[in-house]
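Attaching a single structure in structure tokens format; questions to follow.
Basis for what follows: all heavy atoms, side chains included, without hydrogens, waters or symmetry-related copies. Indexing begins at 1, ligand by ligand and atom by atom, following the structure's order.
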Amino acid sequence: MLEITDLSAGYGQVNALRGISLSISDGEILAVIGANGAGKTTLLKTIAGQLPAKSGRIMFDGADVTRLPTFERARQGIILVPEGRRLFKSLTVEENLQVGLSAKRPGPWSLASVYELFPLVADRRHRRAGDMSGGEQQATAIARALVANPKVLLLDEVSLGLAPAIIADLYASLPTILAHGTSILLVEQDVAQALKVADEVHCLLQGSTSLTGAGFEMPEISRAYFGS
Ligand code: ATP
């Protein structure tokens, strides 16, 4: 469904990603792992269209989207949950979800179904987003992405700064998301967490692929992660 070939991207003279190739099929979770600064967020931003590719190709559902603007990729079903959530903090939870609805494609997700998936978000729908806890904000950010009915959901560091019980709750929602026909590409620094849910992993090391595939043992992953 999503196929990336030889993708390079960066910031001015900084080449943050070099020659990345990966693909995600329908109903799959791919976890991109790597240390600080490895290029994980850069990869998600380039797929979502927030950062232009310097070279390489991004194919989505058989069409080349490499040069399409972000809103056009969102309209086709590539939706990013950005690092740090980026909610509109002075708006209520429901108003934030309405922003997601503005990019709505046909599909199973609606306000009612995301409220069912995240009951805490439903309970707090009239609260200001900025007044919620980190976990509630993260659930709201995922809900905002889901109401647009993504074909592929790009999740950047869902667990960052959250307590283990909250992280477990958020990860528990992933099977339901997959069951609704959305594939997931997630970026995660917590390797154990990523391995628990992912069908495949893709490890980045200083902007390049150091390991990709499935069924690796920890020592192999550790070498790819730290480069030693
Ligand atoms: P983290 O887990 O810390 O978010 P990451 O794997 O997501 O790390 P990126 O944020 O993609 O890594 O950063 C990759 C490289 O690009 C790093 O060397 C970083 O310093 C650099 N970089 C990121 N954003 C910018 C920017 N706006 N301008 C210049 N360089 C940047």
Query raised in the report: Between the main-chain N or O of Pro219 and the side-chain N or O of Glu217, is there a donor-acceptor pair closer than 3.5 Å?
Result: no
Query raised in the report: Which protein heavy atom lies closest to atom 12 (O) of ligand 1, and at what distance to 0.1 Å?
Result: Gly39 N, 3.2 Å
Report task. Could you please spell out the steps behind the side chain to side chain contact (heavy atoms under 4.5 Å, CB included) verdict for Leu146 and Ile79? Result -> CA-CA 8 Å; Leu146 287 178; Ile79 309 278; over 6 Å; no
Query raised in the report: Is it true that Glu220 and Arg223 make a salt bridge, defined as a side-chain N closer than 4.0 Å to a carboxylate O?
Result: no
Query raised in the report: Quick one: do the Thr212 and Thr209 side chains pair a donor with an acceptor below 3.5 Å?
Result: no
Query raised in the report: Which atoms of ligand 1 are found less than 4.0 Å from any heavy atom of Ala35?
Result: 6 (O)
Requested in this report: Return the residue, atom name and 0.1 Å-rounded distance of the protein heavy atom closest to atom 3 (O) of ligand 1.
Outcome: Asn36 OD1, 3.3 Å
Query - Any protein heavy atom nearer than 4.0 Å to atom 15 (C) of ligand 1 - result: yes
Report task. Would you check if Phe118 and Ser173 make a side-chain contact, meaning some heavy-atom pair closer than 4.5 Å? Result -> yes
Requested in this report: Just jot down the ligand 1 atoms closer than 4.0 angstrom to any heavy atom of Glu157, in number order.
Outcome: 2 (O)
Query raised in the report: Within the side chain of Arg73, is there an N or O that forms a donor-acceptor pair under 3.5 Å with the backbone of Ile47?
Result: yes
Query raised in the report: In the protein, what heavy atom is nearest to atom 19 (C) of ligand 1, and what distance, to one decimal place, separates them?
Result: Gly37 CA, 4.9 Å
Report summary line: protein heavy-atom neighbour closest to atom 11 (O) of ligand 1 works out as Thr42 OG1, 2.5 Å
Query raised in the report: Below 3.5 angstrom, do we get any N/O pair linking Ala38 and ligand 1?
Result: yes
Query raised in the report: Atoms of ligand 1 less than 4.0 Å from Ala16 heavy atoms?
Result: 14 (C), 15 (C), 16 (O)
Report task. Could you tell me the residue and atom name of the protein heavy atom closest to atom 4 (O) of ligand 1, and the distance to it rounded to 0.1 Å? Result -> Glu83 OE2, 3.5 Å
Requested in this report: Let me see the working for Tyr115 and Ser110 under side chain to side chain donor-acceptor pair (under 3.5 Å), right down to the final yes or no.
Outcome: CA-CA 8 Å; Tyr115 284 150; Ser110 60; over 6 Å; no
Query raised in the report: Tell me, do Glu83 and Leu160 make a side-chain contact under 4.5 Å, heavy atoms counted?
Result: yes
Requested in this report: If you have a sec, work out which protein heavy atom is nearest atom 2 (O) of ligand 1 and how many Å separate them, to one decimal?
Outcome: Gln189 NE2, 2.8 Å
Report summary line: atom 10 (O) of ligand 1 has as its nearest protein heavy atom Thr41 CB, 3.8 Å
Query raised in the report: Can you find a heavy atom in the side chain of Arg128 that is under 4.5 Å from one in the side chain of Lys89?
Result: no
Query raised in the report: In terms of residue, atom name and distance, what is the protein heavy atom nearest to atom 30 (N) of ligand 1?
Result: Tyr11 CD1, 3.5 Å
